[in-house]
Amino acid sequence: PMDEDPIEIARNEQQEFAVANILEHRGNPNLRSELEFLVQWEGYDESYNSWEPWDHVKDNIHLNQYLFKNKLKRHLTKPQKLEIENLNNS
């Protein structure tokens, strides 16, 4: 599937793609609704990386780890924080 753009496929077919990593963020760090994240997609090279709004990547372990490491912990629930702390300690 490397010859097709995952973003276009998702828009056309409402499919979900696996997040490999969160690379950066932009927007107001105090408002989830204004945050966007640069997503690296599982199985796709960096030319397919895309900026995605919070709603498209929320509840994702990669996002949660990114938030934890980048002074955005306030956007995590207590269970999400505990999950990340447990991962970091193992």
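For this chain, numbers begin at 1 and follow the sequence in order. Heavy atoms only: backbone and side chains are in, while hydrogens, waters and symmetry mates are out. Bear in mind that the values here come from a model prediction, so they are computed numbers and not experimental data.
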Handout entry: Worked check of side-chain contact (heavy atoms from CB on, under 4.5 Å) between I22 and N70
Key = CA-CA 11 Å; I22 303 292; N70 289 277; over 6 Å; no
Answer yes or no: is there a donor N or O on one side and an acceptor on the other, between the side chain of [X] and the main chain of [Y], under 3.5 Å?
X: R32; Y: H75; answer: yes
X: E34; Y: L31; answer: no
X: Y66; Y: N21; answer: no

Exercise for the section: From the options E24, R26, H25, select the one residue that forms a side chain to side chain contact (heavy atoms under 4.5 Å, CB included) with L38. Expected result: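 Among E24, R26, H25, the one that satisfies the side chain to side chain contact (heavy atoms under 4.5 Å, CB included) with L38 is E24.
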Starting at [atom1] of [X], measure out to [atom2] of [Y] and round the result to the nearest 0.5 Å.
X: L35; Y: N30; atom1: CG; atom2: CG; value: 8.5 Å
X: H56; Y: K58; atom1: NE2; atom2: NZ; value: 9.5 Å
X: N60; Y: Q65; atom1: CG; atom2: CD; value: 9.0 Å
X: E36; Y: S50; atom1: CD; atom2: OG; value: 10.0 Å
X: N88; Y: E83; atom1: CG; atom2: CD; value: 10.5 Å

Practice task
Please test E52 against W41 for side-chain contact (heavy atoms from CB on, under 4.5 Å), starting from the C-alpha separation and ending with a verdict.
Solution key: CA-CA 11 Å; E52 298 295 327; W41 299 102; 3.9 Å; yes
Exercise for the section: State, yes or no, whether a side-chain contact exists between Q80 and D59 at a heavy-atom distance under 4.5 Å. Expected result: yes
Problem - Step-by-step side-chain contact (heavy atoms from CB on, under 4.5 Å) determination, K73 to K81 - result: CA-CA 7 Å; K73 288 183 198 179; K81 286 179 191 171; 4.3 Å; yes
Transitively linked via ILVMFWY side-chain contacts under 4.5 Å: [X] with [Y]?
X: V19; Y: Y48; answer: yes
X: L82; Y: L76; answer: no
X: W51; Y: L23; answer: yes

Practice task
Any chance you could lay out the side-chain contact (heavy atoms from CB on, under 4.5 Å) test for H62 and V57, step after step, and finish with the verdict?
Solution key: CA-CA 9 Å; H62 297 289; V57 291; over 6 Å; no
Exercise for the section: Assign the ring pair F17 / Y44 to parallel, tilted or perpendicular, where the plane angle (0 to 90°) is split at 30° and 60°. Expected result: perpendicular
Completion exercise
Between L72 and P29 the two heavy atoms that sit nearest each other are CD2-CB, 3.7 Å
